[in-house]
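Everything on this sheet refers to the single structure shown next.
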Amino acid sequence: MEEEQGTMTCRGRLREEFRLKSFCLNHGDRHDFTRSPWFNHLLPFVVYRTAVCLYQVITFTTAHSLSPRGPKALVYLTQLGFIILTLHTIVSVLLCFIDYFGNRRRRSESLDDPTTIAEDEVHATKSTDAIHPTSQLTTLSWYYRGYWVLYNVAFSTGLFITIAYWALLGNNKSTFSILFHGINSVIIVMDILISRLPYRLLHFVYPSCFALVYILLTVIYWAAGGTDIKNRPWIYPFLDYGGNPGLAAGTAALSIVVAIPLCHGVFFCLVCAREKLARCVTERRISLNDVSNRENNCKQNNTEITTL
């Protein structure tokens, strides 16, 4: 019976995903953007977010200080993707600090109100958008909606960069390449698994729109006589609009319409798996607590009877 209920939940979730309102940026709980399903307290997740943010900033600044490439480096998708991923980590840690100190202030102002503390504890373990009914969606503040778009673009684009680089250009296995084309996806997957960030299948439109804008900019750059860092008349050999326009057009179209949505779909499946596991862990924890409470009640009753 429980398996059938879980199956129906997944089916209902998929039906909801393919409705027009799933394109929107509304969600039932803003705490899903700043908390983890694995921690009962906020501080460990804040520490994790801070560490990841420091890694991203230090890696980016160190790489460019040791190997300066100038403004022309910004024409590469790798650079843009890493910058967007770094922005995601900066915004995420800021939102986490706001949530953490706001929660501390609410606790200090309502020490005698147990309902407020209980609500915070529920938020710490509640499942995220992967199993929330969309009928409970509410309008988020603009900065949460902007952050939602930001990490959708950062995650799907980051995975696409990793796959495309090692499949098409992976002849350079330097430290820079590993950090910018490999560890970036490790950071993304780790963030998805540890956080409670909501994910919607139809939100692939945001990274796809980013990819479309990037392709248009590369066309404009090529038409204006732009070159790569070695003064070749293309940014990537498979985007050689002058030498092989057919290959360039096909690569661009497949990247926007197929590859980016597939990357987004991979992360959506990963989020669904995370939420199923988190729900199982939470239910197991509740079951163990119930058993422990019953045993304590039995011991207490036996003690009272013995005393009598």
Side-chain angles (χ1 to χ4, degrees), residues 33-34 36 43-100 143 146-195 197 207 210-211 213-214 217-218 221 226-232 234-239 255 260 263 266-267 270:
F33 296 90
T34 56
S36 169
L43 185 58
F45 190 62
V46 174
V47 172
Y48 156 76
R49 285 287 199 202
T50 303
V52 173
C53 180
L54 290 175
Y55 164 79
Q56 284 291 126
V57 172
I58 292 173
T59 299
F60 183 80
T61 54
T62 302
H64 285 271
S65 62
L66 295 177
S67 179
R69 301 191 176 191
K72 188 175 284 190
L74 295 177
V75 302
Y76 290 95
L77 186 60
T78 295
Q79 296 293 325
L80 296 176
F82 202 86
I83 289 173
I84 295 172
L85 182 60
T86 304
L87 287 176
H88 149 70
T89 62
I90 294 173
V91 175
S92 68
V93 77
L94 289 176
L95 292 177
C96 283
F97 273 113
I98 292 172
D99 184 24
Y100 175 73
Y143 43 89
Y147 174 57
W148 202 345
V149 173
L150 179 65
Y151 73 70
N152 272 292
V153 173
F155 289 179
S156 299
T157 303
L159 180 60
F160 171 77
I161 289 170
T162 297
I163 295 174
Y165 178 81
W166 294 109
L168 302 175
L169 301 170
N171 56 350
N172 182 1
K173 296 180 175 60
S174 65
T175 302
F176 178 89
S177 295
I178 294 174
L179 290 175
F180 280 68
H181 303 107
I183 304 300
N184 64 317
S185 289
V186 174
I187 294 294
I188 293 169
V189 172
M190 185 173 62
D191 206 41
I192 289 176
L193 293 177
I194 295 177
S195 72
L197 292 174
F210 171 79
V213 171
Y214 175 76
L217 290 177
T218 61
Y221 183 78
T227 60
D228 70 349
I229 57 175
K230 296 182 180 180
N231 293 322
R232 292 173 294 195
W234 36 262
I235 300 174
Y236 296 106
F238 47 81
L239 288 181
S255 298
I260 292 291
C263 292
V266 168
F267 287 141
L270 192 61

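Below, all heavy atoms of this structure are taken into account, side chains as well, without hydrogens, waters or symmetry copies. The model shown is predicted, which means the values in this text are computed figures rather than measured ones. Positions are given from 1, in the same order as the sequence printed here.
- Each of Thr89, Thr34, Asp191 was compared with Arg49 under the side-chain contact (heavy atoms from CB on, under 4.5 Å) criterion, and only Asp191 meets it.
- Here the OG1 atom belonging to Thr157 is positioned 5.0 Å from the CD1 atom belonging to Ile260, to the nearest 0.5 angstrom.
- Using the six-membered ring where Trp is involved, His88 and Tyr147 have ring planes that are parallel, under 30° apart on the 30 and 60° scheme.
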For a quick test of your reading: what N or O donor-acceptor pairs under 3.5 Å do the side chains of residues 70-77 make, sequence neighbours left out?
unit_1: Lys72; atom_1: NZ; unit_2: Thr227; atom_2: OG1; d: 3.2
unit_1: Lys72; atom_1: NZ; unit_2: Asp228; atom_2: O; d: 3.4
unit_1: Tyr76; atom_1: OH; unit_2: Ile229; atom_2: N; d: 3.3

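- Leu169 places a side-chain heavy atom less than 4.5 Å from the side chain of Phe238.
- Atom CG of residue Leu159 and atom CD1 of residue Ile192 lie 8.5 Å apart, to the nearest 0.5 angstrom.
- From Ile161, atom CD1 reaches atom CG of Leu80 across 8.0 Å, with rounding to the nearest 0.5 Å.
- A search for side chain to side chain contact (heavy atoms under 4.5 Å, CB included) contacts involving Val46 returns Thr50, Cys96, Phe97, Tyr100, not counting sequence neighbours.
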Step by step, would you call Phe267 with Ile188 a side-chain contact (heavy atoms from CB on, under 4.5 Å)? CA-CA 9 Å; Phe267 287 141; Ile188 293 169; 3.5 Å; yes

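- Lys173 contributes atom NZ, which lies 6.0 Å from atom CH2 of Trp166 (distance to the nearest 0.5 angstrom).
- None of Leu85, Thr162, Thr78, Thr175 except one satisfies the side-chain contact (heavy atoms from CB on, under 4.5 Å) rule with Phe180; the exception is Thr78.
- Residues Ile183 and Leu179 meet the side-chain proximity criterion, which asks for heavy atoms closer than 4.5 Å.
- Rounding to the nearest 0.5 angstrom, the gap separating the CG atom in Asn184 from the CZ atom in Phe82 is 7.0 Å.
- Ser36 places a side-chain N or O within 3.5 Å of a backbone atom of Ile194 that can act as its donor or acceptor partner.
- The number of heavy atoms from other shown groups lying within 6.0 Å of OH (Tyr143) does not exceed 12.
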Would Ser195 and Phe33 count as a side-chain contact (heavy atoms from CB on, under 4.5 Å) if you check the C-alpha gap in whole Å, the side-chain angles of each, and the deciding distance to 0.1 Å? CA-CA 8 Å; Ser195 72; Phe33 296 90; over 6 Å; no

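- At a threshold of 4.5 Å between non-hydrogen side-chain atoms, the residues Tyr236 and Leu168 do not count as touching.
- Atom OH of residue Tyr55 and atom OG1 of residue Thr86 lie 9.5 Å apart, to the nearest 0.5 angstrom.
- Side-chain contact between His64 and Gln79 is present, with heavy atoms from C-beta onward closer than 4.5 Å.
- Tyr151 and Ser92 are not linked by any side-chain donor-acceptor pair at a separation below 3.5 angstrom, with hydrogens and angles left out of the test.
- No side-chain heavy atom of Pro207 sits less than 4.5 Å from a side-chain heavy atom of Phe155.
- A distance-only check finds no donor-acceptor pair linking the side chain of Thr62 to the backbone of Thr59 [under 3.5 Å].
- A donor-acceptor contact shorter than 3.5 Å links the side chain of Thr61 to the backbone of Ile58.
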